[in-house]
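Read the structure below first, then the notes.
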Number of protein chains: 2
Amino acid sequence: METKDLKQAGLKATLPRIKILSLMEENTVRHVSAEDVYKTLLESGEDLSLATVYRVLTQFEQAGLVTRHHFEGGHSVFELNEGGHHDHILCVKCGRVDEFVDAVIEERQQKIAAEKGYDMTDHSLYIFGICQACQKL
Amino acid sequence: METKDLKQAGLKATLPRIKILSLMEENTVRHVSAEDVYKTLLESGEDLSLATVYRVLTQFEQAGLVTRHHFEGGHSVFELNEGGHHDHILCVKCGRVDEFVDAVIEERQQKIAAEKGYDMTDHSLYIFGICQACQKL
DNA sequence: CTCTAAATGCGAACGATTCTCATTAACCTT
DNA sequence: AAGGTTAATGAGAATCGTTCGCATTTAGAG
């Protein structure tokens with residue numbers, strides 16, 4: 001129930017927020033832009049404004065419900081936080097996105113931050129390449 | 001001589017391109033936005049348009065002379081390609097940027113790409129944290 | 001059920017970047 | 001070194017993603 005998730009995150013359970021969270025919890029989406037969310041909900045007959053989508057997604061990000069990615073091309077992409085931290089590998093041809101976790105890399109990053117005198121708070125790692133399907137084209 | 005670098009990259013040696021490349025080759029800058037380049041050159045008495053700065057930086061990127069980074073906050077930052085590949089560690093408080101290379105991470109990335117069936121072309125890794133100076137504030 | 005603060009919708013505003021198109025400058029030719 | 005061709009530039013309008021301001025609506029406490 002999205003209502004409970006929202007309350008736990010300290011957010012009022014308003015209609016737009018419920019709809020957006022509910023959409024992101026469908027496992028058919030994974031990585032969506034604000035525009036995607038807006039269009040999809042409009043098509044489903046919901047009536048909300050694009051500004052609200054941006055506001056809500058930003059709140060979700062601050063509440064730790066979603067992560068904002070800066071996939072190239074200017075616009076942001078949002079992903080539901082579930083199943084813990086992971087990084088991404090993207091196909092530069094077709095845009096396909098896969099996920100991975102690597103303990104060795106995670107650990108090295110901590111070490112590097114420490115060596116440079118930083119108190120590490122976060123990181124972002126994207127591997128770019130050509131996926132198996134696109135290699136055959 | 002910037003003129004030769006430009007010719008080798010397949011670009012006409014025009015005045016704006018020479019000025020911009022020359023600015024980026026000063027080791028005082030490292031990471032600059034289009035706006036930075038524009039303002040700096042205006043202050044040096046050069047007369048060029050912001051549109052040209054964007055065009056030229058994009059061409060430099062395509063020619064492999066510079067790399068475009070998507071440091072958060074919407075705008076792009078450019079860096080001269082020299083001294084080989086490296087990754088970045090950024091302070092989330094003051095914006096300071098340091099560089100590093102880690103062979104272990106580089107190698108793990110190749111391995112992960114291979115496991116996922118990707119032919120890796122590139123990657124981007126940013127570590128975020130609080131730098132030594134900002135920790136003391 | 002009522003009230004109050006918080007959330008929303010709408011359209012204007014915004015910052016970064018790109019485009020259009022008339023003008024200018026590079027570089028090949030002579 | 002001068003001229004012609006073509007690509008590059010300048011200036012400002014246009015576009016894109018995103019945010020803001022403000023009047024209206026709604027969630028949730030009392």
Side-chain angles (χ1 to χ4, degrees), chain A residues 1-23 31-42 44-63 65-78 95, chain B residues 1-23 31-42 44-63 65-78 95:
Chain A
M1 201 84 263
E2 294 80 22
T3 302
K4 212 172 67 186
D5 297 337
L6 288 169
K7 295 254 170 96
Q8 283 183 348
L11 296 169
K12 269 199 206 172
T14 65
L15 219 42
R17 297 214 260 241
I18 292 168
K19 299 297 180 190
I20 294 172
L21 184 53
S22 161
L23 174 62
H31 305 94
V32 282
S33 68
E35 196 73 31
D36 293 337
V37 170
Y38 178 62
K39 283 189 189 147
T40 306
L41 288 178
L42 277 198
S44 311
E46 307 300 336
D47 189 26
L48 45 41
S49 105
L50 183 54
T52 299
V53 174
Y54 275 104
R55 276 187 294 236
V56 169
L57 287 173
T58 302
Q59 292 157 354
F60 283 6
E61 183 193 10
Q62 288 165 349
L65 291 173
V66 306
T67 299
R68 182 194 301 256
H69 295 287
H70 298 281
F71 291 172
E72 62 217 87
H75 67 298
S76 299
V77 174
F78 299 84
Chain B
M1 201 84 264
E2 295 81 20
T3 302
K4 214 170 67 183
D5 297 336
L6 288 169
K7 296 254 170 97
Q8 284 183 346
L11 297 169
K12 269 198 207 173
T14 66
L15 219 42
R17 298 213 261 240
I18 292 168
K19 297 297 180 191
I20 294 172
L21 183 54
S22 162
L23 174 63
H31 305 93
V32 282
S33 68
E35 195 74 32
D36 293 337
V37 170
Y38 177 60
K39 282 190 188 143
T40 307
L41 288 178
L42 278 198
S44 311
E46 307 300 335
D47 188 28
L48 82 180
S49 104
L50 182 54
T52 299
V53 175
Y54 276 105
R55 276 186 295 235
V56 168
L57 287 174
T58 302
Q59 292 155 355
F60 283 5
E61 183 192 12
Q62 288 165 348
L65 292 173
V66 306
T67 298
R68 181 195 302 256
H69 296 288
H70 298 281
F71 292 172
E72 64 216 86
H75 68 296
S76 300
V77 174
F78 299 84

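The basis for the numbers below is simple: all heavy atoms, side chains too, and nothing from hydrogens, waters or symmetry mates. Residue numbering restarts at 1 for every chain, and letters A, B, ... go by the order of the sequence lines.
- Here the P atom of nucleotide C:dT8 and the OH atom of A:Y38 are 15 Å apart, to the nearest Å.
- Atom OH of B:Y38 and atom OH of B:Y54 lie 11.0 Å apart (nearest 0.5 Å).
- The side-chain heavy atoms of B:S76 and B:H69, taken from C-beta on, include no pair separated by under 4.5 Å.
- The separation between B:H70 atom NE2 and D:dG17 atom P is 15 Å, rounded to whole Å.
- Taken from CD in B:E35 to CG in B:L50, the straight-line distance is 5.5 Å, to the nearest 0.5 Å.
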Under 3.5 Å between N/O atoms: give me all the protein pairs with nucleotides 14-19 of chain C, atom names plus distance.
from: C:dT17; atom 1: OP1; to: B:S76; atom 2: N; distance (Å): 2.7
from: C:dT17; atom 1: OP1; to: B:S76; atom 2: OG; distance (Å): 3.2
from: C:dT17; atom 1: OP2; to: B:Y54; atom 2: OH; distance (Å): 2.5
from: C:dT17; atom 1: O5'; to: B:Y54; atom 2: OH; distance (Å): 3.4

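- The CG atom of A:L11 lies 6.5 Å from the CZ atom of A:F60; values are rounded to the nearest 0.5 Å.
- Atoms CG (B:L21) and P (D:dA8) sit 16 Å apart, rounded to a whole Å.
- Against DNA chain D, the stretch residues 9-19 of chain B makes heavy-atom approaches under 4.0 Å through B:K12, B:T14, B:P16, B:R17.
- For the OP1/OP2 pair of D:dA27 and a distance below 4.0 Å, the side-chain nitrogens and oxygens of A:K7 include no atom meeting the criterion.
- No side-chain donor-acceptor contact under 3.5 Å links A:S44 to the backbone of A:E46.
- To the nearest 0.5 Å, the span separating CD1 on A:I18 from CG on A:L23 amounts to 13.5 Å.
- Atom CG in B:L6 sits roughly 12 Å away from atom C1' in C:dA26 (whole-Å rounding).
- For the pair B:T58 and B:R68, the minimum side-chain heavy-atom distance is below 4.5 Å.
- Here the options are B:T40, B:V53, B:V66, the test is side chain to side chain contact (heavy atoms under 4.5 Å, CB included), and the partner is B:I20; only B:V53 passes.
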